[in-house]
Amino acid sequence: MSKTPQAIRGTQDIFGPDAEAFAFVVETFERVRKLYRFRRVEMPVFEKTEVFARSIGETTDIVSKEMYSFEDRGGESLTLRPEFTAGIARAYLSNGWQQHAPVKLATHGPLFRYERPQKGRYRQFHQIDAEIIGAAEPQADVELLAMADQIIRELGIDGVTLHLNTLGDGDSREAWRAALVEHFRAVKDELSEDSQERLEKNPLRILDSKDRRDMAFVADAPKIDDFLTDEARGFFDAVTSGLDAAGVKWTRAESLVRGLDYYRHTAFEFIPDEGSEAAGKLGSQSTILGGGRYDGLMEGLGGAPTPAVGWAAGIERLAMLVEPAIEQTELVFLPDEESDKLPCVQLIRVLRESGISCDMAFRKPSRKDYDKAKKAGSYRAIAVGKIADEFLTIRIRDLNIDSAPKVRGRLREALEARFHVVENKATREFRIFNR
RNA sequence: GCGAUCGUAGCUCAGUUGGUUAGAGCGCCGGUUUGUGGUACCGGAGGUCGCGGGUUCGAACCCCGUCGAUCGCCCCA
C-alpha cells in the first residue's frame, strides 16, 4: 500500500463481470442507435470552461463546484467535460452542422464531476448520449424516447418507468417559476434548510424534496399545467400521443424538473419502480437516464436559436441492472508436447477466422491446465497428439458440455477448407493432413 | 460541502476484556496419488495489521490526525 500509487478517488478499474456488463451496455447502445439511424459523433474530452459555464448555468452545482477546471500553459481555462450536451452544441455551431439539420447524433464516453463518490456515482463516470438537433417538432421527442425505451428493454432491464413532464416554453416556465417562488416564500420559515436555500438558487427543485417538512407545501404548490400556453400544451399532447403510438409506456410526473437551466418543454427520467429489484440495486442514485428539450441552449453559446432534445444515461448505473450472457471459450487447445505448439497456432488461426473462439496457454502445458479450463467455464478442450505422419491429431473433450453450442460440424468445416481431414466419430478425433 | 460505518495475506474474512513467533478458506507455486488428464491428499511462498503520531511494561485491538473505501444528504447519469 505504501509505495504503489493508488487510483484517483472516484475513479474505477473495471474488470471481470463488471467490465462485461459495461461493454454489453455500450454494444447494445451502438446496435440500437444504428437501427434508429443516429449518427455517431466524437468530441473532445475537454473544452474551454466557458462552453460549460455559459450553457449549463452558472448557478448550477455542476458549474459552481463540480467542474475539473485547469489552466493550460497558455493560461486558458479549460474543463474536463461534465456532460455531453454542451460540447455537442458547441461542435454543432463551430462546424456548421446546421447544413445537416435536423441531425440525430449519438456518442458515449467518460465525463468528469468533482463529487463525493457513492453508489452509482463516480468522479470519472460514463454515459451513453443521444441528441436530435434542429427539430422543433414533438415527433423528435418521441423518436428520442422510443430509442431510449428500446435500449433499456434490449438490455433486459425490468421495473423501470419513463417519468414524463413538461416545463412549458420559456414564458410558461418563467411564469410558473415566479408563482412557485411566491408560494414557497410565504412559508419559507417552515421549509427545510435545503429548500430555503433552493428558494433562492433553484426553486423548481423544491418540488423534488425528500424532506417531510416540505411535502405539505409541495402538494398544494402551483402546477405547471395552469401556466402552459395553448401551444405548450399542444406540444406536450403531441409528445404523449406519439409515445402511445410507439408503444412506449410512460407516467406523468408533475414535479419532475431538471436541474439545468437550458431545459424547456419536455423533461423526463427513467426511474426504477418503488420496491423493484432495480431500485434495490441502484441505491439512492436511481435515475438511469434523463434528459429533455433544450431549445434555449444554442443562443447561450452565441448561435442562432436552434431547437434540440437529448438524453444521457449512466453506463455504470445501467451496468448494475444488466446480466449479459457470458461468452465462454469454445475450444481450449492443450498440446502435451512443446513441438505441437506451432501447428496448434496455425490451426487456431484457421478456426478463429471461421468464427470459433479458441484459446491456448502461453506457458509450458501442464496437466492442471485441463482443470483450469473447466473451472474458467470453457466448453471443450482439444487434446493434441501425433499418431504417425499426419500434420496433427486433435481430440474433442467435453468440459462444460451442458450449455455448450455445437461446434463439431463447424470445426470440421473450418479444417476442411485448409486441410485433408479424417474424422473418427467414435473417438471424436480428427486426423489432420496437409494437402 | 455535511453525516455514518469501515481499512488484517492476491481475494473473502477470523483474531475473544490490550499479552509471546497474527490465523482460516479460496487462489498461487511445488509434490504425491488418480487416470478416457476432470479426483484426493501433503507441503510451500506471501502480511512492518492503510499511513503518521499518542496512551501503555506491552497496541491489529484504546485515543488523535491523515489517506482511502462504502453508504446516505446535497446534486446528478
Side-chain angles (χ1 to χ4, degrees), chain A residues 1-12 15-16 25 56-57 59-67 81-85 108-130 148 152 160 192-198 201-202 204-206 208-211 257-260 268-272 282-292 310-321 332 334-336 363 365-376 378 380-385 395-401 426-429:
Chain A
M1 287 297 183
S2 51
K3 286 181 180 173
T4 312
Q6 293 178 309
I8 303 298
R9 177 166 210 194
T11 65
Q12 21 167 18
F15 178 71
V25 171
I56 298 172
T59 62
T60 60
D61 278 15
I62 291 179
V63 171
S64 62
K65 55 190 192 193
E66 295 176 0
M67 293 205 301
R81 63 185 180 196
E83 59 141 45
F84 278 115
T85 306
H108 67 83
L111 293 309
F112 304 85
R113 258 126 82 164
Y114 192 91
E115 295 184 276
R116 198 70 175 266
Q118 63 189 71
K119 189 171 198 162
R121 170 199 287 177
Y122 306 94
R123 287 185 173 180
Q124 177 180 332
F125 61 108
H126 303 78
Q127 289 183 341
I128 53 178
D129 182 279
I152 287 170
V160 170
S192 68
E193 296 76 15
D194 284 333
S195 285
Q196 291 187 29
E197 199 169 322
R198 289 187 184 111
K201 285 173 58 185
N202 197 351
L204 303 198
R205 274 276 153 207
I206 298 176
D208 261 351
S209 175
K210 295 170 188 166
D211 197 300
V257 296
R258 306 282 305 160
L260 312 183
F268 53 84
E269 294 180 355
F270 282 80
I271 304 174
L282 284 166
S284 64
Q285 312 303 316
S286 56
T287 300
I288 55 173
L289 183 151
W311 55 249
I315 296 177
E316 286 88 347
R317 292 184 188 177
L318 289 170
M320 286 192 277
L321 305 180
V332 177
L334 298 173
D336 269 338
R363 65 176 186 181
S366 140
R367 51 175 13 191
K368 286 184 178 173
D369 287 325
Y370 195 84
D371 191 16
K372 281 182 186 169
K374 184 184 171 75
K375 280 188 181 171
S378 304
R380 297 179 182 81
I382 293 284
V384 177
R395 190 169 83 244
I396 300 178
R397 302 187 48 77
D398 296 333
L399 296 174
N400 296 286
I401 193 64
T427 61
R428 319 186 79 186
E429 284 180 345

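Within every chain, numbering begins at 1; the chains are lettered A, B, ... in the order of the sequence lines, protein sequences first and strands thereafter. All of these numbers come straight from a predicted model, not from anything done at the bench.
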To the nearest angstrom, how far is A/Arg317 atom CZ from B/rA77 atom C1'? 5 Å

A/Phe112 has an atom CZ; how far is it from atom C1' of B/rA77, in whole Å? 15 Å

May I ask you to say what A/Gly16 touches in the nucleic acid, namely base, sugar-phosphate or nothing, with a heavy-atom cut-off under 4.0 Å? nothing

Distance, P atom - from B/rG10 to B/rC28, rounded to whole angstrom: 15 Å

Of the options B/rA77, B/rC75, B/rG72, whose atoms approach the side-chain atoms of A/Gln127 most closely? B/rA77

Does a side-chain N or O of A/Thr287 approach OP1 or OP2 of B/rA77 to a distance below 4.0 Å, or not? no

For B/rC51, which nucleotide in any strand shown is its Watson-Crick or wobble partner with both distances under 3.5 Å? B/rG65

B/rG38 - base-pair partner by Watson-Crick or wobble geometry, distances under 3.5 Å: none

Does B/rC73 have its OP1 or OP2 closer than 4.0 Å to a side-chain nitrogen or oxygen of A/Ser284? yes

Are A/Asp194 and A/Arg205 close enough, and set up right, to give a salt bridge (Lys or Arg N to Asp or Glu O under 4.0 Å), and what steps lead you there? CA-CA 10 Å; A/Asp194 284 333; A/Arg205 274 276 153 207; over 6 Å; no

Taking the side chain from A/Arg81 and the backbone from A/Pro110, do they hold a donor-acceptor pair closer than 3.5 Å? yes

Could you state the CG-C1' distance from A/Leu111 to B/rC75, rounded to the nearest angstrom? 15 Å

Under 4.0 Å, heavy atoms only, any strand: does A/Arg395 hit a base, just the sugar-phosphate, or nothing? sugar-phosphate

Measuring only between side-chain heavy atoms, which start at C-beta, is A/Ile56 closer than 4.5 Å to A/Glu83? yes

What is the nucleic acid contact for A/Arg428, judged by heavy atoms within less than 4.0 Å: base, sugar-phosphate only, or nothing? nothing

How far, in whole Å, is B/rU17 from B/rG30 if one measures between their C1' atoms? 43 Å

Winner on side-chain proximity to A/Arg397, out of B/rG38, B/rC74, B/rC75, is B/rG38

Tell me which of A/Thr11 and A/Asp61 sits closer to the 5' end of RNA chain B, going by the nucleotide each one is nearest to. A/Thr11

Side chain of A/Arg9: nearest nucleotide among B/rA69, B/rC75, B/rC71? B/rA69

Partner of B/rU33 under the Watson-Crick or G-U wobble criteria, both distances under 3.5 Å, comes out as none

Need to verify one output field. Residue with the more 5' nearest nucleotide on RNA chain B, A/Ala312 or A/Asp398? A/Asp398

Take atom C1' in B/rG3 and the same atom in B/rC75, then report the distance between them in whole Å. 16 Å

Heavy-atom donor-acceptor pair, A/Glu316 side chain to A/His126 backbone, under 3.5 Å: yes

Check: A/Arg317 side chain, A/Thr287 main-chain N or O, donor-acceptor pair, under 3.5 Å: yes

Assign A/Arg121 to base, sugar-phosphate, or nothing according to its heavy-atom contacts below 4.0 angstrom with the strands shown. base

Round to the nearest Å and state the distance from A/Asp194 atom CG to B/rC75 atom C1'. 10 Å

Considering only atom P, compute the distance from B/rG43 to B/rG58 and round it to an integer number of Å. 38 Å

Is A/Arg116 near enough to B/rC2 that one of its side-chain N or O atoms lies under 4.0 angstrom from OP1 or OP2? no

At under 4.0 Å between heavy atoms, what does A/Gly283 touch on the DNA or RNA strands: base, sugar-phosphate, or nothing? sugar-phosphate

Does B/rG10 pair with anything, Watson-Crick or G-U wobble, both distances under 3.5 Å, and if so, with which nucleotide? B/rC26

Out of B/rA77, B/rC74, B/rU36, which has the shortest distance to the side chain of A/Arg113? B/rA77

Counting C-beta onward and ignoring hydrogens, is there a side-chain heavy-atom pair between A/Arg113 and A/Lys65 closer than 4.5 Å? no

Would you indicate, yes or no, if B/rC73 has its OP1 or OP2 atom less than 4.0 angstrom from a side-chain nitrogen or oxygen of A/Lys210? yes

Just compare B/rC75, B/rG72, B/rC74 and give me whichever is closest to any side-chain atom of A/Arg205. B/rC75

For B/rG31 versus B/rG72, give the span between their P atoms, rounded off to a whole number of Å. 49 Å

Would you confirm whether A/Arg397, through its side chain, and A/Arg380, through its main-chain N or O, come within 3.5 Å as a donor-acceptor pair? no

With a 4.0 Å cut-off on heavy atoms, is A/Glu269 in touch with a base, just the backbone sugar-phosphate, or nothing at all? nothing

Is there a Watson-Crick or G-U wobble partner for B/rG72 with both distances under 3.5 Å, and which nucleotide is it? B/rC2

Expressed as a whole number of Å, how far does the P atom of B/rA60 sit from that of B/rU20? 10 Å

Partner lookup for B/rA45, please. Criteria are Watson-Crick or G-U wobble with both distances under 3.5 angstrom; report none if nothing qualifies. none

With a 4.0 Å limit, can you tell me whether A/Gln118 has a side-chain N or O closer than that to the phosphate oxygens OP1/OP2 of B/rU70? no

Interatomic distance at C1', B/rG38 relative to B/rG25, whole Å: 22 Å

With sugar-phosphate meaning primed atoms plus P, OP1 and OP2, does A/Tyr122 contact a base, only sugar-phosphate, or nothing at under 4.0 Å between heavy atoms? base

